[in-house]
Participant: 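Could you have a look at this structure, given as structure tokens, before my questions?
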2 protein chains.
Amino acid sequence: MTDTRTQILEKSYQALRLHGFQGTRADKVILDLGITKGALYHYFPSKLDLGYAIVDELIMPRYTRLWLSLDQFEGNPADGIIAQLRYLISMSSEEEVRLGCPLNNLMQEMAPLDQGFQQRLQHIVNVQREAIGSALKRGQQAGQIRQEIETDPSAIFILSSLEGSYSIAKALQQREIFETSLQTLIQFVQALKT
Amino acid sequence: MTDTRTQILEKSYQALRLHGFQGTRADKVILDLGITKGALYHYFPSKLDLGYAIVDELIMPRYTRLWLSLDQFEGNPADGIIAQLRYLISMSSEEEVRLGCPLNNLMQEMAPLDQGFQQRLQHIVNVQREAIGSALKRGQQAGQIRQEIETDPSAIFILSSLEGSYSIAKALQQREIFETSLQTLIQFVQALKT
DNA sequence: TTGCACATACCAACTGGTATGTATATCTTT
DNA sequence: AAAGATATACATACCAGTTGGTATGTGCAA
């Protein structure tokens with residue numbers, strides 16, 4: 001039996017995936033969990049704080065770890081990036097794609113609406129960008145990545161294409177579209193090699 | 001003086017851009033417009049129908065025209081696509097980027113939640129995909145686009161990267177990011193040429 | 001005088017949030 | 001170690017405000 005706080009966090013995360021933050025109903029969460037408002041507001045002072053906790057404790061670690069691990073990759077960094085993209089393809093279930101990337105969803109919904117969300121999501125993207133960018137830079141220094149490419153814009157483009165692939169696949173509600181799009185992205189990354 | 005229906009439509013569209021569909025408050029719209037519920041519900045049987053009308057009458061035409069016009073473009077279709085991407089860069093204000101692409105926003109928010117939205121947004125994306133895909137195919141037949149590339153996956157990738165660029169730029173709240181990312185996309189499209 | 005284009009008044013359901021109560025665990029003092 | 005004091009982890013009841021939506025009235029043009 002997991003503790004109540006964790007239960008609230010994970011059930012809210014599920015709701016967030018399905019309905020977005022604004023669409024998430026605190027009442028529904030506690031009803032589903034068979035607890036009461038007292039419990040929820042004991043752990044989280046407000047709905048907004050619950051949202052922040054979901055980002056900090058669930059989304060942030062998951063979505064930075066993937067790219068931070070590029071640090072440990074030996075060999076051409078482009079292959080490291082490709083390996084992670086392939087991993088994302090293998091992880092992408094029909095359900096996953098239908099609901100879209102949680103990070104992407106939340107950025108779209110909350111970035112312009114709330115500073116707290118905006119700062120947190122900005123931080124996650126910057127960590128990702130930094131991780132990919134510095135991996136590419138290391139590759140350049142090792143002569144594995146073409147000198148003429150600009151590492152930071154390339155990192156941004158890779159992230160953009162990745163999130164965009166989630167978007168389009170979600171719009172068309174087809175996992176296959178996600179795979180197709182990522183495959184083209186992999187070719188792009190491949191072309192960064194010397 | 002524009003007619004009431006149009007006023008409702010456009011004010012709701014503004015609200016939609018700021019707060020999403022679920023976050024759009026019908027009460028606020030009529031208050032801002034200085035009209036009453038009677039007027040709103042006279043023209044739109046429900047909030048959902050109002051949302052559909054926004055997509056059908058405002059978003060759909062705007063976001064298909066841009067790519068359908070590739071049909072008229074003479075010369076290498078890749079240059080036609082690049083011209084449209086450059087146009088989007090020139091059109092992108094700080095405000096625009098902060099709020100994100102309306103099409104993208106709506107896809108993220110409503111595609112998994114409502115069939116009506118889903119079908120409409122799916123249709124828009126398919127029109128865009130078809131337009132870009134067939135432009136590339138024409139280019140191949142004219143020997144202007146490399147034979148080995150697959151036109152449809154490339155079209156999907158271009159759209160993904162475009163929407164993703166909006167996403168990331170919105171998350172980071174920086175217009176410059178959008179421009180940087182699209183610049184890399186332009187290089188990708190450039191590389192499709194023979 | 002009929003029908004369209006609204007206005008007014010109202011509602012039921014829901015929303016996040018609060019005030020207060022209480023059982024149980026933990027710490028402190030004797 | 002017993003007893004009291006205090007903190008934790010919830011439950012219950014409730015609220016003020018908001019939501020989309022409806023039923024009905026009314027002025028005005030054709």
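Letters go in sequence order (proteins before strands), and every chain restarts at 1.
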Participant: Any side-chain N or O of T4(B) less than 4.0 Å from the OP1 or OP2 oxygen of dC6(C)?
Facilitator: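 Checking dC6(C) against T4(B), a side-chain N or O does come within under 4.0 Å of OP1 or OP2.
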Participant: If you only use heavy atoms from C-beta on, which nucleotide in dG21(D), dT15(C), dG17(C) is closest to the side chain of R25(A)?
Facilitator: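 The closest nucleotide is dT15(C).
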Participant: Whole-Å distance between dT15(C) P and Q22(B) CD?
Facilitator: 11 Å
Participant: L48(B) has an atom CG; how far is it from atom C1' of dT19(D), in whole Å?
Facilitator: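 Answer to the nearest Å: 15 Å.
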Participant: Roughly, in whole Å, what's the span from CG in D49(B) to C1' in dG21(D)?
Facilitator: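 Value for this atom pair: 13 Å.
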Participant: Under 6.0 Å between ring centres: does that hold for F117(A) and F21(A)?
Facilitator: yes
Participant: Tell me the interatomic distance from L40(A), atom CG, to dT15(C), atom C1', rounded to whole angstroms.
Facilitator: 13 Å
Participant: Give a yes or no on whether the backbone of N105(B) and the side-chain of Q108(B) come within a donor-acceptor separation of less than 3.5 Å.
Facilitator: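 Between the backbone of N105(B) and the side chain of Q108(B) there is no qualifying donor-acceptor contact (under 3.5 Å).
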Participant: Tell me which residues in residues 26-38 of chain A put a heavy atom below 4.0 Å from DNA chain C, sorted by number, or none.
Facilitator: A26(A), D27(A), K37(A)
Participant: Rounded to the Å, how far apart are F44(A) CZ and dG16(C) C1'?
Facilitator: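 Going from CZ in F44(A) over to C1' in dG16(C) covers 15 Å.
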Participant: Taking the minimum atom-to-atom distance to the side chain of S46(B), which one of dG21(D), dG17(C), dA5(C) wins?
Facilitator: dG21(D)
Participant: Whether the side chain of S90(B) engages the backbone of Y87(B) through a donor-acceptor N/O pair (distance < 3.5 Å, no angle test) should be reported.
Facilitator: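 Yes, the answer is positive, given that a donor and an acceptor are paired below the 3.5 Å cut-off.
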Participant: Cationic tip of R175(A) within the cone over Y166(A)'s six-membered ring, i.e. under 6.0 Å and within 45° of the normal?
Facilitator: no
Participant: Does a side-chain N or O from H42(B) land closer than 4.0 Å to OP1 or OP2 of dC6(C), or not?
Facilitator: no
Participant: Rounding to a whole Å, what distance do you find between K47(A):NZ and dT18(D):P?
Facilitator: 16 Å
Participant: Answer with yes or no whether the side chains of E179(A) and S92(A) bring together a donor and an acceptor at under 3.5 Å.
Facilitator: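 Short answer, no.
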Participant: Counting heavy atoms not belonging to E94(B), are there more than 12 under 6.0 Å from its CD?
Facilitator: yes
Participant: How long is the line joining OH of Y41(A) and P of dT20(C), in whole Å?
Facilitator: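 Between P of dT20(C) and OH of Y41(A): 18 Å.
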Participant: Measure CG/L50(A) against C1'/dT15(C) and give the value in whole Å, please.
Facilitator: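 Computing the L50(A):CG to dT15(C):C1' distance gives 15 Å.
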Participant: Would you say the side chains of D49(A) and Y41(A) form a donor-acceptor pair under 3.5 Å?
Facilitator: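 Distance-only check fails for D49(A) and Y41(A).
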